[in-house]
Structure formats: structure tokens, C-alpha cells
Amino acid sequence: MATIKRLNINKFTTESDDDAFIKELKQLWLSWSHPSASGNITVDINKGRNDPTQMTAFVTASNDEEMKAVDEFAVNTVIPMRAKYKHDNIEVDAELLVSIHK
């Protein structure tokens with residue numbers, strides 16, 4: 001079974017909007033639960049080092065069912081919350097081929 005990864009990049013107009021969104025997003029993920037997400041979904045939320053108005057969220061799921069649950073959560077909760085901030089968004093879905101740890 002493939003590991004599915006999603007990268008979301010959000011660029012906000014101000015650092016304070018970025019910080020506020022990151023804070024809200026963290027709380028949303030901590031409070032979210034779903035039967036398909038039995039501890040197999042991880043979310044890494046990062047603030048840009050070189051651009052404090054940019055953040056990324058890496059979502060990792062171990063199967064399609066889990067990613068569908070993430071999609072539902074994103075559409076119903078995350079995206080409406082993010083819409084109150086002026087932002088640009090890029091979303092990339094990928095299937096993990098190789099993971100190299102050094």
C-alpha cells in the first residue's frame with residue numbers, strides 16, 4: 001500500500017496573518033478525529049525560514065481512505081477558516097517513492 005503525501009503552501013500578505021493561521025490550524029488538527037484516521041495521519045506545519053509570510057503543511061496518510069477523510073476535513077473546516085485571511089495557495093499530491101534518511 002502506498003504512502004500518500006500532500007504539500008500545501010500558503011503565502012499570506014502579512015506575518016501576523018501567517019502566525020494566526022498557523023495557530024488556528026494547529027488547534028484544528030489537534031481537535032480533529034475520524035474513524036479512518038486511526039493514528040496513521042501525520043501533519044507537519046512549518047513557517048518559512050526565509051519568508052515569514054509563508055507556511056507549509058505536509059500531510060502524510062497511509063492509504064486513500066485516510067486521505068479522503070483529510071480531504072473532507074479540509075473542505076469542511078480548514079478551507080473556510082483559511083478563507084478569512086488573504087492568501088495564495090498551492091497544493092501538491094504525491095505518492096512516496098523513496099524516503100532517504102542521512
Side-chain angles (χ1 to χ4, degrees):
M1 200 174 289
T3 297
I4 302 164
K5 293 193 174 264
R6 173 170 294 154
L7 169 63
N8 279 290
I9 302 168
N10 291 289
K11 175 128 173 89
F12 296 90
T13 54
T14 66
E15 184 177 5
S16 60
D17 277 359
D18 188 25
D19 291 341
F21 177 70
I22 290 170
K23 184 177 178 179
E24 284 190 75
L25 184 61
K26 179 181 173 184
Q27 290 304 313
L28 286 174
W29 276 109
L30 287 172
S31 65
W32 180 64
S33 65
H34 191 279
S36 295
S38 57
N40 295 323
I41 296 173
T42 61
V43 179
D44 299 306
I45 300 170
N46 307 278
K47 184 170 179 177
R49 289 182 62 189
N50 298 324
D51 183 351
T53 64
Q54 182 174 300
M55 62 80 60
T56 59
F58 294 95
V59 179
T60 304
S62 58
N63 62 53
D64 287 330
E65 217 35 56
E66 291 173 353
M67 195 54 83
K68 285 178 187 172
V70 169
D71 288 340
E72 181 182 307
F73 175 65
V75 167
N76 294 328
T77 307
V78 176
I79 293 171
M81 184 269 297
R82 185 186 65 199
K84 66 184 173 185
Y85 302 101
K86 188 170 181 183
H87 70 282
D88 291 320
N89 175 262
I90 299 170
E91 183 179 289
V92 179
D93 279 352
E95 189 171 301
L96 180 64
L97 298 178
V98 177
S99 185
I100 301 169
H101 301 274
K102 293 181 97 175

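Treat the numbers as computed from the prediction; the structure is a model and nothing was measured.
- Checked by atom type and distance alone, the side chain of D17 never pairs as donor or acceptor with a backbone atom of T13 at under 3.5 Å.
- Salt bridge present: D19 and K47 bring a charged side-chain N and a carboxylate O closer than 4.0 Å.
- T60 pairs by the side chain to side chain donor-acceptor pair (under 3.5 Å) definition with K5, not counting sequence neighbours.
- Sorted pairs that involve residues 34-60 and meet ring-ring contact (aromatic ring centres under 6.0 Å, His included), not counting sequence neighbours, are lacking altogether.
- Remark: Q54 engages no residue in a side chain to side chain donor-acceptor pair (under 3.5 Å) (not counting sequence neighbours).
- Legend: residues meeting side chain to side chain donor-acceptor pair (under 3.5 Å) with S16, ordered by chain and number and at least two apart, are T14.
- Taking D71 as the reference, R6 meet the side chain to side chain donor-acceptor pair (under 3.5 Å) condition, with sequence neighbours excluded.
- Nearest approach of A74 to P80, heavy atoms of both residues: O-CD, 3.9 Å.
- Residue K26 qualifies as open at atom NZ: its count of foreign heavy atoms under 6.0 Å is 12 or below.
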Walk me through whether S31 and Q27 qualify under side chain to side chain donor-acceptor pair (under 3.5 Å).
CA-CA 6 Å; S31 65; Q27 290 304 313; over 6 Å; no
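- Applying the under-4.5 Å side-chain rule to Ile, Leu, Val, Met, Phe, Trp and Tyr, the cluster around I22 extends to I4, F12, F21, L25, L28, W29, W32, I41, V43, I45, M55, V59, M67, V70, F73, V78, M81, Y85.
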Given salt bridge (Lys or Arg N to Asp or Glu O under 4.0 Å), test K11 with D51 step by step and report yes or no.
CA-CA 9 Å; K11 175 128 173 89; D51 183 351; 2.5 Å; yes
side-chain contact (heavy atoms from CB on, under 4.5 Å) between N8 and T56, worked out:
CA-CA 5 Å; N8 279 290; T56 59; over 6 Å; no
